[in-house]
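Down below is the structure, laid out as structure tokens.
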Amino acid sequence: MYSFDTRVRYSECNYKGEATLASILDYLQDCCTFQSEDLGIGVEYLKDINRAWLLSSWQVDIIRYPVMGESIIIKTIPYEIKGIYGLRNFMIETARGEEIVKANSIWVYVDTVTGRPAKPDDDIKCKYPMEEKIDMEYLGRKLPKFSGGEAKEKKVVPHYFIDTNHHVNNSKYILFGEEYLPEDYTVHRIWAEYKNAAMLGDNIQALVADNEKGIYVSVTDGEGNVFANIIFE
């Protein structure tokens, strides 16, 4: 298991003094990025061999939100590499050992020249120490089919949404979708499926509908192409 310790910063909190959804997702992304960097197979290594791990889907279960000033430990466990996919869990715990977030994620290994999935070679596969996956409910990679929904205003992807892959970062879709939740709607689970990568300057538009599980937000280009589908439970 790989982990790093941190403390919830004021700048990461909302008006309730709790870590925002985007901050929680950033903790998780940072944890797996730090692990890859420490193993010598991080961002620059992958860039040199024209490869990248892109998030296909994740499920984040929030038992309770970390609060401002709280010391927390973010942990990750890679538990399987299967074909083009890498599967990994995440946990956030307090310094006292209280488990407050559990997550599962599915990543796809991509050739950045062709844009097509590729199988990780043995140099990549043997570096990640595999462990048993954690005990949690697993929802799978694909969300229920989305239909209908109220179309919101179109916006343009700003530069601060873009990461080192020159795509909109995973957590920014959640931040964008969160804008369309009712006031004081408390999210205890995020289930997101990523389908296409939005780039700087692209149009993005949310389609929002009530779902039997929660509020469904489909992030599109406004022309029928889907970037991400998210259920906020």
Side-chain angles (χ1 to χ4, degrees), residues 11-16 18-30 33 52-62 65 85 103-108 110 112 114-117 139-233:
S11 58
E12 297 168 335
C13 292
N14 59 20
Y15 71 96
K16 300 177 186 177
E18 298 173 337
T20 63
L21 287 175
S23 293
I24 289 172
L25 301 182
D26 284 342
Y27 295 149
L28 307 187
Q29 290 188 123
D30 288 344
T33 302
W53 285 105
L54 302 183
L55 188 60
S56 175
S57 70
W58 61 6
Q59 168 197 341
V60 182
D61 294 349
I62 302 168
Y65 283 77
Y85 295 106
N104 186 53
S105 62
I106 301 172
W107 304 74
V108 62
V110 172
T112 56
T114 66
R116 298 181 63 83
L139 298 179
R141 184 167 64 91
K142 291 187 175 293
L143 273 65
K145 188 174 181 180
F146 178 88
S147 61
E150 180 185 354
K152 302 298 184 178
E153 71 276 20
K154 285 186 181 179
K155 297 184 179 181
V156 177
V157 172
H159 67 86
Y160 53 86
F161 273 22
I162 304 300
D163 62 18
T164 58
N165 292 315
H166 304 287
H167 302 158
V168 171
N169 186 260
N170 305 311
S171 69
K172 297 299 188 288
Y173 293 100
I174 307 302
L175 183 67
F176 177 71
E178 191 181 4
E179 285 294 307
Y180 303 102
L181 301 182
E183 188 176 358
D184 292 328
Y185 185 87
T186 301
V187 178
H188 288 288
R189 171 178 284 169
I190 297 167
W191 188 13
E193 177 187 4
Y194 297 90
K195 301 180 76 67
N196 293 289
M199 309 288 191
L200 180 65
D202 282 349
N203 287 324
I204 51 174
Q205 182 178 40
L207 302 177
V208 183
D210 286 335
N211 177 277
E212 61 183 10
K213 288 184 170 293
I215 295 175
Y216 203 133
V217 178
S218 184
V219 183
T220 77
D221 66 354
E223 304 294 334
N225 298 307
V226 177
F227 296 124
N229 290 323
I230 310 158
I231 296 178
F232 295 90
E233 294 186 31

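A 4.5 Å side-chain heavy-atom check between V226 and V219 finds every atom pair outside the cut-off. Within the 4.5 Å cutoff, the side chain of S105 has heavy atoms near those of the L55 side chain. The side-chain heavy atoms of I62 and I24, taken from C-beta on, include a pair separated by under 4.5 Å. Proximity of R141 to S57: side-chain heavy atoms (C-beta onward) are separated by under 4.5 Å at one or more points. Contact of the W53 side chain with the V108 side chain is not registered, since no non-hydrogen atoms from C-beta on lie closer than 4.5 Å. Side-chain contact between N203 and K155: absent, with no pair of heavy atoms (C-beta onward) separated by less than 4.5 Å. I215 places none of its side-chain heavy atoms less than 4.5 Å from the side chain of I231.
Side-chain atoms of Y216 come within 3.5 Å of backbone atoms of P144 as a donor-acceptor pair (strictly under, hydrogens ignored). A donor-acceptor contact shorter than 3.5 Å links the side chain of N169 to the backbone of S171. Side-chain atoms of Q59 come within 3.5 Å of backbone atoms of L139 as a donor-acceptor pair (strictly under, hydrogens ignored). When atom types are taken as modelled, the side chain of S23 and the backbone of A19 share no donor-acceptor pair closer than 3.5 angstrom.
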- Query: Step by step, would you call Y194 with W58 a side chain to side chain contact (heavy atoms under 4.5 Å, CB included)?
  - Reply: CA-CA 9 Å; Y194 297 90; W58 61 6; 3.4 Å; yes
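Here salt bridge (charged side-chain N to carboxylate O under 4.0 Å, His left out) pairs that include residues 162-174, with residues two or more places apart or in two chains, number zero. Residue pairs satisfying the side-chain hydrogen bond (donor to acceptor under 3.5 Å, both in side chains) criterion with at least one member in residues 223-233, sequence neighbours excluded, are listed as follows: K154-E223, S218-N229, D221-N225. The side-chain hydrogen bond (donor to acceptor under 3.5 Å, both in side chains) analysis of residues 175-185, with sequence neighbours excluded, yields the pairs Y15-D184.
Residues satisfying the salt bridge (charged side-chain N to carboxylate O under 4.0 Å, His left out) criterion with E193, sequence neighbours excluded, are K142, K195. Legend: residues meeting side-chain contact (heavy atoms from CB on, under 4.5 Å) with V157, ordered by chain and number and at least two apart, are F161, I162, V168, A198, D202, I204. By the ring pair (Phe, Tyr, Trp, His ring centres under 6.0 Å) test, W107 pairs with no residue at all, sequence neighbours left out.
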